[in-house]
Amino acid sequence: MNKKTIIRTLEKIALYMELQGENPFKVSAFRKAAAALEGDERSLSEMEDVTKLKGIGKGTAAVIEDLMATGESSYLKELEEAVPSGLLPLLKLPGLGGKKIAKLHQELGIDSAESLKAACEAQQVRELAGFAAKTEEKILKELENLANRSERLAIWQLEPVVLQIEALLGSMKEVVRFSVAGSFRRAMETSKDIDFIVVTEAPATVREQLLQELAVQEVVAAGDTKISVILDLDEPVSVDFRLVKDAEYATALHHFTGSKDHNVRMRQIAKARGEKISEYGVEQADGTVLTFEDEAQFFAHFDLPFIPPSLRTGKNEFDKAADIADLVTLTDIKADLHMHTTWSDGAYSVAEMGQALMARGYQYGVITDHSQFLKVANGLTPERLVKQRAEIEAFNQANPTFRLYAGTEMDILPDGSLDFEDAVLKELDFVIASIHSSFTQSQDKIMARLLTAMQNPYVHMIAHPTGRIIAEREGYHPDMPQLIAWAKEYGKILELNANPYRLDLCVEHLEMAMAAGVPIAINTDAHDSAHLRFMDIGVRYANRAWLKKDMIVNTWTYEQFEAFIRRHK
DNA sequence: GCCGTTTTCGGCCCGACTGTTTTCAGTCG
């Protein structure tokens with residue numbers, strides 16, 4: 001019996017109890033027990049007594065023991081017999097929670113979306129106490145939506161929308177300051193919607209402008225403090241705007257950045273001190289409300305360091321607060337080691353990319369166009385590589401305060417060989433090896449290809465090591481513990497590709513790499529100078545894995561980096 | 001169901017909103 005199964009079982013029990021209209025605190029006790037197991041890094045066999053964990057008591061421990069002894073939970077079985085599984089999807093309907101669904105089941109025998117639809121159409125639902133015609137109509141409408149509603153949207157779908165809205169808010173003179181919040185700010189791979197905190201003294205004007213300027217498909221709510229719209233883009237995107245006063249900015253931003261679990265923990269901390277946190281401020285025992293200039297001051301009030309948004313999981317950020325100082329921030333980044341130019345499939349020249357790197361305040365960077373195998377990307381032959389190097393050197397001559405290196409993103413070919421001979425690689429400053437083809441090969445073959453690259457003395461880094469695209473493509477499933485072991489053995493860098501399409505390595509793999517002491521490079525894989533902005537996403541994503549900054553290659557100084565790339569020469 | 005340096009009973013994060021009621025329960029983020 002593994003830990004994940006136990007966690008899932010406890011969560012499933014909570015779900016079924018919810019559908020019985022069970023006491024919400026009892027339901028949340030099972031969720032807390034699951035979270036307690038998840039938050040503990042030890043395996044089950046390493047814990048002698050689970051009830052020692054905060055959040056696990058007699059009841060939940062009994063379920064765990066049952067699972068360990070028999071492989072299943074008799075309690076869950078009872079619940080499954082009592083509650084039709086067809087009710088589970090109904091929890092996804094906005095406006096319906098456990099209590100109402102329990103009532104529909106008990107009073108009308110509803111056991112599925114189909115029977116709920118029939119009952120609404122027969123106008124039986126409006127007869128129940130607590131329900132009426134409006135609720136019935138809403139349920140019918142949401143049942144329609146349930147079928148064709150798109151799930152969470154990927155970060156690469158949301159990022160351009162966020163950028164566009166930021167430009168709009170930045171152009172509005174009534175807007176004092178603003179920030180994106182929610183799960184996007186926490187660098188989650190997918191989000192249900194986008195949240196913005198907007199400071200203004202003229203909410204009505206801002207509201208009208210937003211509704212006018214945005215591609216609004218549907219206005220869900222448009223009050224003085226909250227505007228909620230669905231935008232008509234490639235996919236419909238829900239966006240919430242919270243309009244607040246300047247003094248409320250920090251606490252509102254914190255509140256709407258979440259996560260929910262993080263907020264719960266913060267409020268418990270406040271409560272223990274006789275204070276009360278809300279989005280409007282921190283209420284003192286005497287009733288006065290404190291507000292803060294920014295989130296850092298808000299955290300400082302509770303004797304906490306600034307907790308970066310992507311760490312706000314409610315799981316371990318309070319226990320590991322002392323480690324936050326070791327984490328990377330955008331200002332630590334001194335370079336970008338993976339980018340393309342017009343020599344292959346990029347949109348800007350070598351000089352333009354170099355200028356863009358300098359404009360970001362970096363010390364160095366590497367041009368890494370594709371190699372000859374990638375014909376669709378106009379990959380470079382050895383001859384063109386030589387010509388490109390001359391152009392890079394010319395840039396360096398003209399810009400002595402910055403250093404642009406000549407590199408390549410070389411394909412690892414389907415047959416396991418590398419796209420350039422050692423004689424070619426030897427002449428390059430920095431060599432990235434990556435897989436862009438034959439993703440469906442067996443894991444053995446994929447690993448054999450990666451091993452060739454690992455063993456080549458001129459290769460410095462493996463880019464986007466799994467080949468995944470978020471919510472689109474799983475990639476080629478390398479044996480990650482093995483790959484990380486090789487990286488350690490052969491002294492290679494593994495990439496955190498910061499392009500929001502990829503975020504590869506993922507959080508879990510980054511944690512494994514860091515535990516093994518393998519250096520990571522956060523790179524944008526820019527095909528356009530504007531893509532250099534993805535570094536921000538990469539840094540926030542790296543925080544989620546608690547990557548220490550001295551393990552991150554592109555926080556190194558020019559001298560440190562130089563020493564690393566020259567070590568075999 | 002879980003928890004306790006105000007505690008073994010009484011509270012468990014907080015506030016807005018909606019739709020139902022006519023003062024509030026349920027849902028949501």
Side-chain angles (χ1 to χ4, degrees), chain A residues 10 13-14 16-36 50-64 75 79 90-104 125-139 142 181-186 191-197 220-228 238-244 248 251-283 285 289 302 312 314:
Chain A
L10 288 168
I13 288 173
Y16 274 100
M17 290 197 311
E18 209 178 335
L19 287 171
Q20 286 195 312
E22 200 32 289
N23 171 3
F25 296 112
K26 190 171 164 182
V27 177
S28 106
F30 277 84
R31 298 217 162 98
K32 275 182 191 161
V50 283
T51 56
K52 290 231 170 77
L53 280 181
K54 202 165 140 49
I56 297 182
K58 254 169 64 185
T60 46
V63 171
I64 296 171
Y75 186 36
L79 286 166
L90 301 186
L91 278 171
K92 284 199 178 139
L93 292 173
L96 280 193
K99 293 247 168 75
K100 282 197 167 150
I101 293 173
K103 183 149 196 160
L104 287 165
V125 171
R126 63 178 66 190
E127 300 303 326
L128 298 179
F131 294 76
K134 242 179 174 170
T135 309
E136 196 177 75
E137 286 157 18
K138 184 162 185 228
I139 291 173
E142 295 296 350
S183 52
F184 182 87
R185 184 166 181 243
R186 303 200 313 275
S191 303
K192 203 159 62 64
D193 61 6
I194 305 174
D195 294 292
F196 274 95
I197 302 300
V220 181
D224 272 349
T225 62
K226 180 182 163 181
I227 300 162
S228 194
S238 299
V239 187
D240 284 354
F241 297 90
R242 313 282 170 152
L243 309 183
V244 300
E248 298 160 352
T251 40
L253 179 59
H254 176 263
H255 175 83
F256 289 108
T257 296
S259 67
K260 197 176 163 188
D261 290 341
H262 169 84
N263 288 354
V264 168
R265 288 290 305 272
M266 284 300 296
R267 285 163 182 203
Q268 286 168 342
I269 290 169
K271 192 158 183 161
R273 296 160 40 125
E275 297 176 296
K276 196 164 81 175
I277 298 174
S278 80
E279 54 262 55
Y280 300 109
V282 176
E283 189 179 322
V289 175
F302 294 102
R312 299 180 197 168

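Convention: sequence-line order gives letters A, B, ...; per-chain numbering from 1.
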Polar pairs (N or O, both sides) under 3.5 Å between protein and nucleotides 22-24 of chain B?
none

Listed nucleotide nearest any side-chain atom of [X], set [options]:
X        : options                : result
A/Glu279 : B/dG15, B/dG1, B/dT20  : B/dG15
A/Tyr280 : B/dA16, B/dC2, B/dC13  : B/dA16
A/Arg242 : B/dG1, B/dC17, B/dG29  : B/dG29
A/Lys58  : B/dC2, B/dC17, B/dG29  : B/dC2
A/Lys99  : B/dC12, B/dT27, B/dG15 : B/dT27
A/Lys100 : B/dC2, B/dC3, B/dG26   : B/dG26
A/Arg267 : B/dC13, B/dC3, B/dG15  : B/dC13

Quick check on [N]: is either OP1 or OP2 less than 4.0 Å from any side-chain nitrogen or oxygen of [X]?
X        : N      : result
A/Lys271 : B/dC14 : yes
A/Thr60  : B/dC2  : yes
A/Ser28  : B/dG1  : no
A/Lys192 : B/dC28 : no

(message) Under 4.0 Å between a side-chain nitrogen and a carboxylate oxygen: does that hold for A/Arg31 and A/Glu18?
(response) yes
(request) Rounded to the nearest angstrom, tell me the gap between atom CG in A/Asn263 and atom C1' in B/dG29. (result) 9 Å
(request) Rounded off to whole Å, could you give me the NZ-to-P distance for the A/Lys134 and B/dC17 pair? (result) 15 Å
(request) Say whether, by atom type as modelled, one donor and one acceptor occur between the side chain of A/Ser259 and the main chain of A/Arg312 under 3.5 angstrom. (result) yes
(message) Work out how far the P atom of B/dT5 is from that of B/dG1, and round it to whole angstrom.
(response) 23 Å
(message) Using side-chain heavy atoms (C-beta onward) and a distance below 4.5 Å, is A/His262 in contact with A/His254?
(response) yes
(message) Does the structure show a Watson-Crick or G-U wobble partner for B/dT8, both distances under 3.5 Å? Name it, or say none.
(response) none
(request) Applying ring pair (Phe, Tyr, Trp, His ring centres under 6.0 Å), name anything that partners A/His255, two or more places apart in sequence or on another chain. (result) none
(message) Check the orientation of A/Phe30 and A/Tyr75. Use parallel for under 30°, tilted for 30 to 60°, and perpendicular for over 60°.
(response) tilted
